[in-house]
Asks: 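Before I ask anything, let me first share the structure, which is written out below as structure tokens.
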Amino acid sequence: TMILRHHESRSKRNYKREILGPSQNKWNPFLKSITISFVALFLLGALISPLLVLRNLHKFSSATKNEDTFEYVKNPKGEFSSYAALKTNEKKDVNVEKTKDPLLTGKAPGVIILGMHRSGTSMLCGLLVTGFKYHIGSKSKLLDAKPENPLGYFERKDVVFPSETILKKEVGGWNGDVTALSNTKLISEGTLLSYNLAKSALQFLNDRRNWPWVLKDPRLCVMLPTWLNHIKSELPPAIVFTYRDPLEVALSLSKRRSYKKVNITFWLKLWIEYNMLAIRFSENMCIVFTSSEEVVKRPYEEGTRIGDELRKCGAPPLQILQQTIANSFVDESLQHKKDNTDPLLEKYGECNIQAYESSLEEHTEEYIGEREMYLKAMRVYCDLKNGKAYKKDYVWPILK
């Protein structure tokens, strides 16, 4: 019986091959698995496609609501010199979107203080932190006070250290050829993010719980575009620009132990470069102009005016300045001043440029060069006081 059944089934298979043809044969297992895989992928794609369409529609609607985002743009000369609102399709930072507070919408994230070294920026920043309660971070994040700055620098280590490291690599340091940053190239956008300290600073600056913050480091005069490219906000930060008599700055820097052998011609030239780049890089931003002289002379009145102007810039103080705080924080005795009894050297418009006592021998080439640089710096100083230096068509002196 088993033999007969075997022959019967075999004959049936032969019949199918001969009558029905090879198309009725069973599929090859390998081809079968490939076919099943393709079918599965097709069904999966059909399921995901509607979800992707909905996601893109959501992104498009969000982009139309928030078309304007701020970023640095190049001017016709190829320099990053203006902070302009541009339409862009760049992806917004997820963390910023999650922490967005309706009360902060349309406000600047904070204040950046720009000013040359030894120009009263520490005093000004301390006034904003102490008197207006702008956020600056924990004390452990700040540079320690030193004899030349006993009240503290109010500078974040995670801003100063990476900035100085980058400047050393690019131009030789904070006192290097800083004009090369605008004349040849700017520091690439990714350079800053290669430093963990910089990432820590940006995390603080982009956290809306820390708004409004205040940021201060004289190196920002020459590195402002590099940092601004990474600050994520609807409005750019407000700027407080301050300046000081160039000879006072030069004399103050010359008193430092490591710079006693440096001629003041060098410091006067650097003073011009820092102020020039600070004004160029902050062009078209909301700027409050002040000076070390005004803050020292009238700390409460000038501080109150600065606070009012910052309110107009979208970075309002968190509290009203008290006169006792302003007067106790600003110490005029800490300011290294030049002698104002020197005779008149030049009449520049309505500005009197006084002579100074040089350590160089008269009529020498070095003395003549120092005097020429002093006059150039003092003319810029006069134009800062009368407001001419802030105009776009201002002609800055040629420096050799």
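We use all heavy atoms of the structure for the numbers below, so side chains are in, but hydrogens, waters and symmetry mates are not. These numbers come from a predicted model, not from an experiment.
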Asks: Please check if atom CD in E301 has more than 12 non-hydrogen atoms from other residues, nucleotides or ligands closer than 6.0 Å.
Replies: yes
Asks: Between H117 and Y274, how do the two ring planes meet: parallel, tilted or perpendicular, split at 30° and 60°?
Replies: perpendicular
Asks: Hey, is R305 close enough to D308 for a salt bridge, meaning N to O under 4.0 Å?
Replies: no
Asks: Is it the case that the side chain of K216 and the backbone of Y153 share a donor-acceptor pair, with hydrogens and angles ignored and the cut-off at 3.5 Å?
Replies: yes
Asks: Can you check whether E248's main-chain N or O pairs, donor with acceptor, with S252's side chain at less than 3.5 Å?
Replies: no
Asks: Any side-chain donor-acceptor pair under 3.5 Å between S119 and T121?
Replies: no
Asks: Can you classify the ring geometry of F289 versus F241 as parallel (below 30°), tilted (30 to 60°) or perpendicular (above 60°)?
Replies: perpendicular
Asks: Of all the heavy-atom pairs spanning S233 and W211, show the shortest one and how long it is.
Replies: CB-CH2, 3.7 Å
Asks: Can we say R219 and E164 salt-bridge, meaning some charged N sits less than 4.0 Å from an Asp/Glu carboxylate O?
Replies: yes
Asks: Can we say R208 and E234 salt-bridge, meaning some charged N sits less than 4.0 Å from an Asp/Glu carboxylate O?
Replies: yes
Asks: For K232, is there any backbone N or O sitting under 3.5 Å from a side-chain donor or acceptor partner on N206?
Replies: yes
Asks: Decide if atom CG of L344 counts as having more than 12 heavy atoms of other residues, nucleotides or ligands within a radius under 6.0 Å.
Replies: yes
Asks: Quick one: does any side-chain atom of N352 pair with a main-chain N or O of K347 as donor and acceptor, under 3.5 Å?
Replies: no
Asks: Would you check if F154 and I136 make a side-chain contact, meaning some heavy-atom pair closer than 4.5 Å?
Replies: yes
Asks: Donor-acceptor check, side chain of R244 to backbone of R118, threshold 3.5 angstrom: yes or no?
Replies: yes
Asks: For K388, does the NZ atom have more than 12 heavy-atom neighbours from other residues, nucleotides or ligands under 6.0 Å away?
Replies: no
Asks: Please say whether more than 12 non-hydrogen atoms of neighbouring residues, nucleotides or ligands are located less than 6.0 Å from CD in Q319.
Replies: yes
Asks: Apply side-chain contact (heavy atoms from CB on, under 4.5 Å) to residues Y134 and W213 and explain how you reach the verdict.
Replies: CA-CA 5 Å; Y134 284 96; W213 41 255; over 6 Å; no
Asks: Do L228 and I112 have side-chain heavy atoms sitting under 4.5 Å apart?
Replies: yes
Asks: Would you check if I231 and P237 make a side-chain contact, meaning some heavy-atom pair closer than 4.5 Å?
Replies: yes
Asks: Using side-chain contact (heavy atoms from CB on, under 4.5 Å) as the criterion, list what pairs up with N263, not counting sequence neighbours.
Replies: T265, L360, E370
Asks: How would you list, by chain and number, every residue that makes a side-chain hydrogen bond (donor to acceptor under 3.5 Å, both in side chains) with K391, sequence neighbours excluded?
Replies: none
Asks: Any non-hydrogen side-chain atom of R311 less than 4.5 Å from a side-chain atom of P317?
Replies: yes
Asks: Could K376 and E372 be called an ion pair, given the rule that one side-chain N must be under 4.0 Å from one carboxylate O?
Replies: no
Asks: Tell me, with the steps shown, if V240 and L114 meet side-chain contact (heavy atoms from CB on, under 4.5 Å).
Replies: CA-CA 6 Å; V240 176; L114 297 181; over 6 Å; no
